There are 2 protein chains.
Amino acid sequence: MPSNETRDTVLDVAQELLQTRGFNAFSFHDVAERVKIKTASIHYYFPTKIDLCLALIARQRDEVKAALDRIDAEVHEPTKKLARYVTLFRSTLEMGNRMCLCGMLAADFETLDPLVAEKLRLSFEDHEIWLKRVFMEGKRIGKLDFAGSPRNEARLLLSCLEGAMLVARTFEDLSRFDSSARSLLSRLRPRPNP
Amino acid sequence: MPSNETRDTVLDVAQELLQTRGFNAFSFHDVAERVKIKTASIHYYFPTKIDLCLALIARQRDEVKAALDRIDAEVHEPTKKLARYVTLFRSTLEMGNRMCLCGMLAADFETLDPLVAEKLRLSFEDHEIWLKRVFMEGKRIGKLDFAGSPRNEARLLLSCLEGAMLVARTFEDLSRFDSSARSLLSRLRPRPNP
DNA sequence: GTCTATAAGATGATAGAC
DNA sequence: GTCTATCATCTTATAGAC
């Protein structure tokens with residue numbers, strides 16, 4: 001496995017800046033300063049800011065895939081999978097009040113390179129596909145109850161978590177995220193049959 | 001009433017740019033070009049970009065207040081009030097795939113002037129206060145059913161609508177917003193008593 | 001790989017003429 | 001009120017030395 005320390009550090013720092021400030025509010029200089037290199041060195045690894053952004057999305061997609069695989073391997077009850085899924089978002093917020101990478105790029109959507117926009121959509125779809133599977137299985141075995149299609153339910157949960165992060169950030173208040181997340185999950189509990 | 005055409009046009013154009021591109025991705029030049037004036041003229045009305053942003057928020061708060069008053073005056077059933085409330089967000093999205101003004105500023109949160117951040121929080125609270133009243137009344141008269149407090153329910157709906165806009169924007173797909181909004185409202189319908 | 005030097009353009013903001 | 005002219009700074013990106 002090709003390990004490149006500087007490159008990874010650049011990605012880490014750029015990601016933090018992207019998630020807190022947005023794509024258009026951080027510069028190569030911001031990154032270079034924190035990594036303690038010069039901006040020219042960043043261009044060596046990532047010729048353009050778009051390349052840097054694409055690398056961030058690609059790495060993130062891999063990490064999300066790994067995280068979802070881990071959830072699948074470790075818990076089997078759909079309710080518990082969703083609870084674990086929610087913690088992915090929560091821990092991002094905990095880490096310096098960061099926004100979700102995809103959510104932040106969604107806000108910057110209009111200014112994105114078309115290729116970046118396409119990868120962003122694919123990232124969202126990664127989430128939706130996994131969630132849809134969880135919802136389908138949950139309904140099948142009677143552990144989750146909802147009215148619409150699994151696909152729409154997946155989209156709804158993802159959207160709501162993005163929004164909960166967005167607003168919680170503004171108040172720098174994790175409990176806002178928590179109470180929304182709790183409601184979102186509890187409404188999926190099947191009621192005891194009359 | 002002090003009408004100032006140029007000033008209003010600057011606000012209109014700046015608002016569109018802010019809602020589509022974000023605070024850090026539009027410039028005085030962008031605004032000036034569209035209004036067909038020079039950047040120096042914008043500085044005459046709004047000395048700094050922060051002043052411009054504060055004016056946008058203040059105007060928006062007034063307009064939101066007026067819109068909510070209109071809903072209160074025109075419909076009385078809580079369910080219908082919420083449906084009307086949702087259309088406020090939907091029509092923003094319809095208008096050139098714009099993000100909610102507050103939602104966009106929430107994404108830019110880390111880069112905001114402290115005063116702007118404070119006004120942003122107040123804007124969110126305007127929504128939450130109105131929604132909380134609707135939820136309280138709805139529960140009292142048995143027209144709305146939900147498990148948590150009216151306050152949390154208000155926060156949840158607002159957050160989810162913000163998130164639904166954010167994601168729908170990325171796919172340039174109003175139907176994504178619609179299906180989420182429909183689910184959010186339908187889950188509030190009280191079930192017939194057994 | 002990392003640096004210095006530099007280009008070429010954008011950006012927020014001000015001074016002062018009209 | 002709106003303009004021209006100008007400023008200092010920032011930003012992405014490249015060339016070429018080490």
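Proteins come first, then strands; the chains are lettered A, B, ... in the order of their sequence lines, and each starts at number 1. Note that this is a predicted model, so its numbers are computed, not measured.
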Can we say [X] and [Y] salt-bridge, meaning some charged N sits less than 4.0 Å from an Asp/Glu carboxylate O?
| X | Y | value |
| --- | --- | --- |
| Glu110(B) | Arg21(A) | no |
| Arg121(A) | Glu118(A) | no |
| Arg84(A) | Glu74(A) | yes |

Below 4.5 Å, heavy atoms only, C-beta onward: do Phe26(B) and Thr20(B) meet side chain to side chain?
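With C-beta onward as the side chain, the pair stays apart.
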I need the residues from residues 22-34 of chain B with at least one non-hydrogen atom less than 4.0 Å from DNA chain C; give them sorted by number, or say none.
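Residues of residues 22-34 of chain B that come under 4.0 Å of DNA chain C are, in numerical order, Phe26(B), Ser27(B), Phe28(B).
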What's the verdict on side chain to side chain donor-acceptor pair (under 3.5 Å) for Asp30(B) and Ser27(B), showing C-alpha distance, side-chain angles and the deciding distance?
CA-CA 5 Å; Asp30(B) 294 328; Ser27(B) 67; 3.2 Å; yes
Protein N or O to nucleotides 2-5 of chain C N or O, pairs below 3.5 Å:
residue: dT2(C); atom: OP1; partner: Thr6(A); partner atom: OG1; Å: 3.2
residue: dT2(C); atom: OP2; partner: Tyr45(A); partner atom: OH; Å: 2.6
residue: dC3(C); atom: OP2; partner: Lys38(A); partner atom: N; Å: 2.8
residue: dC3(C); atom: OP2; partner: Ser41(A); partner atom: OG; Å: 2.8

Expressed in angstrom and rounded to an integer, what is the separation of [X] atom [atom1] from [N] atom [atom2]?
| X | N | atom1 | atom2 | answer |
| --- | --- | --- | --- | --- |
| Leu17(A) | dT11(D) | CG | P | 11 Å |
| His43(B) | dG1(D) | NE2 | P | 18 Å |
| Phe46(A) | dT12(D) | CZ | C1' | 16 Å |

Does Lys49(B), at its NZ atom, have more than 12 non-hydrogen atoms belonging to other residues, nucleotides or ligands within less than 6.0 Å?
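Yes, enclosed.
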Side-chain donor-acceptor contact under 3.5 Å, Asp51(A) with Thr48(A)
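Short answer, yes.
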Pair Asp12(A), Thr9(A) - check side chain to side chain donor-acceptor pair (under 3.5 Å), show working.
CA-CA 5 Å; Asp12(A) 291 341; Thr9(A) 309; 5.3 Å; no
